[in-house]
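This report concerns only the one structure given below.
Side-chain atoms are counted along with the backbone in the values below, which use heavy atoms only and exclude waters and symmetry mates. Since this is a predicted model, take the numbers as computed values, not measurements.
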Amino acid sequence: MSLQKLIIRRSLEILVIFFVILSGLFLLFHLAPGDPVSRMVDPTMTPEDAELLVSQLGLDQPLWLQYVYYVKNFFTGNFGVSFHYGRPVVEVIGERLPNTILLFTSSVILSALAGIFWGKMVAWHKGKPVDTWVTIISLVCHTLFLPWIALLFIWIFAYKIGGFPLNGMISPELWMDPDSGIFLKTLDIMHHMLLPLLTLFIIHVGSYLLIMRSSMLETLSEDYILTARAKGLNEKQIRNRHAGPNASLPVVTSVGLSLAFSINGGALTETVFTWPGIGRELIFAVSNNDYPLALASFLFISIVVLIANLVVDVLYAFLDPRIRY
Amino acid sequence: MTLLQVNNLSIAYQTRTGTALAVDDVSFALDKGKSLGIVGESGCGKTTIGMGLLRLLPDNALIKQGAVLFKGSDILEFSTAALQDLRWKKISMIFQAAMNAWNPVQRVGDQIIEAIRIHDPGISRDKAKLEVEKLYEMVDIPTNRIFDYPHEYSGGMKQRAIIAMALSCRPDLIIADEPSTALDVIVQDQIIKKIKAIQKKFNIAIIFISHDIGVVADVCHDIMVMYKGRIVETGKREEVFVEPVHPYTKSLLSSYLTLDGVLEFQNESAPKSCLTSTDQAPGTCGFLPNCPQAEPSCASEAPQWQAISETHKALCRFCK
């Protein structure tokens with residue numbers, strides 16, 4: 001099947017893109033102001049000690065040789081030790097990345113599905129009050145400022161009404177209690193995730209809904225919808241079997257395009273909710289000159305975005321046979 | 001036996017600038033197994049009639065009056081459920097734009113099977129597939145192409161597959177709306193032959209809508225010529241094409257048949273656009289501004305139906 005070919009070809013393309021990112025980051029980090037040694041040197045060190053440190057870090061080597069080591073280290077999984085945590089970077093990333101992936105895949109999937117479903121319904125009732133109102137609300141959601149809505153939710157749901165945690169991902173006392181099982185722990189994470197998830201959902205669902213609505217309206221004027229109607233299908237069958245699948249294609253494209261941006265926005269969300277994810281870690285690492293951690297965060301975020309794009313591509317090919325060339 | 005009887009059908013489109021009468025008081029009848037051709041230039045209301053028969057008109061269309069009696073019962077009075085049952089099972093369509101008539105993300109065979117099973121859920125998928133194989137053999141498409149996607153078909157194959165789908169429920173009537181217009185002449189010829197053969201084999205009635213007089217003359221027993229939403233001449237194929245009497249039919253035919261005719265036609269009376277018939281007051285002749293045979297009295301008196309023979313008549317005061 002040509003679907004396999006597509007996956008293989010896209011994977012190879014992604015490898016190339018990743019290599020470009022890898023090299024670009026290397027250059028960026030060398031161009032960036034400040035240098036790692038100055039942060040580690042303290043006044044009690046002799047110039048000899050400082051030079052020793054430089055040669056230990058390999059910074060006195062020619063640039064190309066540093067690049068070779070850099071690539072080799074990446075492929076052997078050696079990302080160095082975080083200046084701040086004093087632990088291997090891989091460990092830190094390994095703790096943070098799954099939290100980010102959990103929050104973002106669930107928010108993207110939920111908001112895309114809801115956007116497709118509601119957009120379909122609203123398009124079907126075009127011109128009626130429900131269409132007008134939902135369109136206005138979607139536009140408002142789409143233009144909301146993320147940190148503001150996040151803080152608003154914390155204020156309303158966690159502070160005023162209560163019942164939701166202010167921040168974090170887990171309740172430490174529950175996790176330290178040896179009696180609490182996996183079920184309780186899962187429930188605890190979901191409880192903590194609800195507000196950040198709701199925030200991201202509200203920010204994203206509006207644009208998916210609007211895309212689906214206009215795409216659906218366009219699809220409904222296609223000739224094959226007339227064919228379906230002439231065949232004697234009822235309105236629900238026309239909407240769900242013929243119009244819906246075709247109209248949702250642009251939403252899938254938009255999900256692919258917005259993935260990188262949602263990770264960016266993710267840094268904000270993670271910071272406001274102190275969600276222990278990689279976006280927050282990245283901001284922290286950059287502002288503290290923690291070079292190894294920042295570099296690895298950048299790399300792993302790009303890997304996640306690339307893989308997510310591959311998934312979207314495959315999904316698209318699955319939904320639309322015309323692009324399986 | 002009369003299969004379809006259309007009485008005084010009028011259909012209007014509501015537009016921002018007013019109401020445009022696309023079909024104006026049209027009546028005709030079609031017997032079982034016969035074929036009727038509707039010819040006329042673009043915008044004269046041919047397609048509106050075809051769509052109106054199955055009530056597939058866009059939302060801004062309004063059926064102002066008339067009755068569409070199919071086997072004695074009025075389609076215009078049908079409930080939604082009855083209408084959905086009638087569509088495709090009793091009256092199916094061959095569409096103008098076969099390129100776009102297929103859902104691009106579903107396999108062609110599945111779309112035909114859907115048509116079969118929606119009207120008879122008792123038929124299993126496998127049995128429906130066998131049915132599709134038979135239909136494909138009939139329209140000369142290799143059966144191993146059944147489950148290909150529409151974009152993997154050529155234009156002619158898509159059109160033949162539409163014909164296969166139109167036959168899938170063994171309807172009594174097929175409305176063929178410009179079925180060959182988008183195809184080149186060789187494929188067009190194949191399609192027309194196919195339609196003729198199938199019509200004869202299954203004794204299906206066909207309403208053939210086209211602006212291509214040559215094609216209509218090839219397929220149809222009876223011809224209706226439309227102009228600005230009205231039928232202006234109707235009769236047997238030989239009568240209308242060999243001895244046209246209405247001035248519009250004459251100029252239409254002369255524009256098609258010979259090069260001389262085209263030149264003459266253009267010099268004499270290139271008709272203005274007839275996309276809207278709002279400028280045509282009830283009871284006046286629509287062709288009057290372009291008519292080479294007009295007489296002063298045409299402006300004040302309404303055109304009248306003149307019978308030339310038992311089957312042949314025209315809407316003109318002076319045709320003989």
How many angstroms lie between [atom1] in [X] and [atom2] in [Y], if you round to the nearest 0.5 Å?
X: T227(A); Y: N100(B); atom1: OG1; atom2: CG; answer: 9.0 Å
X: N246(A); Y: Q106(B); atom1: CG; atom2: CD; answer: 8.0 Å
X: Q84(B); Y: E235(A); atom1: CD; atom2: CD; answer: 7.0 Å

Residue selection (most heavy-atom pairs with chain A, distance under 4.5 Å) from V105(B), L86(B), I162(B):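 The option with the most such pairs is V105(B).
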Check step by step if side-chain contact (heavy atoms from CB on, under 4.5 Å) holds for L226(A) and M93(B). CA-CA 10 Å; L226(A) 182 68; M93(B) 294 190 86; over 6 Å; no
Need one label for L56(B): side chain, backbone, both or neither, based on atoms under 4.5 Å from any heavy atom in chain A.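 Both parts, backbone and side chain.
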Please classify the contact between Q111(B) and chain A as side chain, backbone, both or neither, with a heavy-atom cut-off of under 4.5 Å.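 Backbone plus side chain of Q111(B), per the 4.5 Å heavy-atom cut-off to chain A.
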Assess whether atom [atom1] of [X] is packed by more than 12 heavy atoms of other residues, nucleotides or ligands within 6.0 Å.
X: E218(A); atom1: CD; value: no
X: K120(A); atom1: NZ; value: yes
X: H191(A); atom1: NE2; value: yes
X: F117(A); atom1: CZ; value: no
X: D59(B); atom1: CG; value: no

Which bit of L233(A) is near chain B, if near means a heavy-atom gap under 4.5 Å: side chain, backbone, both or neither?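 Contact with chain B: backbone and side chain both.
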Any side-chain to backbone donor/acceptor pair from E114(B) onto A228(A)? Under 3.5 Å, distance only.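 No; zero donor-acceptor contacts below 3.5 Å.
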Pick whichever of R241(A), R229(A), H242(A) has the most heavy-atom pairs under 4.5 Å with chain B.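 Going by pairs under 4.5 Å, I would pick H242(A).
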With side-chain contact (heavy atoms from CB on, under 4.5 Å) as the criterion, how do D223(A) and F95(B) come out once you've worked through the C-alpha distance, each side chain's angles and the decisive distance to 0.1 Å? CA-CA 9 Å; D223(A) 285 339; F95(B) 296 96; over 6 Å; no
Do the side chains of H119(B) and K231(A) get nearer than 4.5 Å, heavy atoms only?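 With C-beta onward as the side chain, the pair stays apart.
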Which atom pair, heavy atoms only, marks the closest approach of Y224(A) to P104(B)?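 Smallest interatomic distance, heavy atoms only, reads CE2-CD, 3.4 Å.
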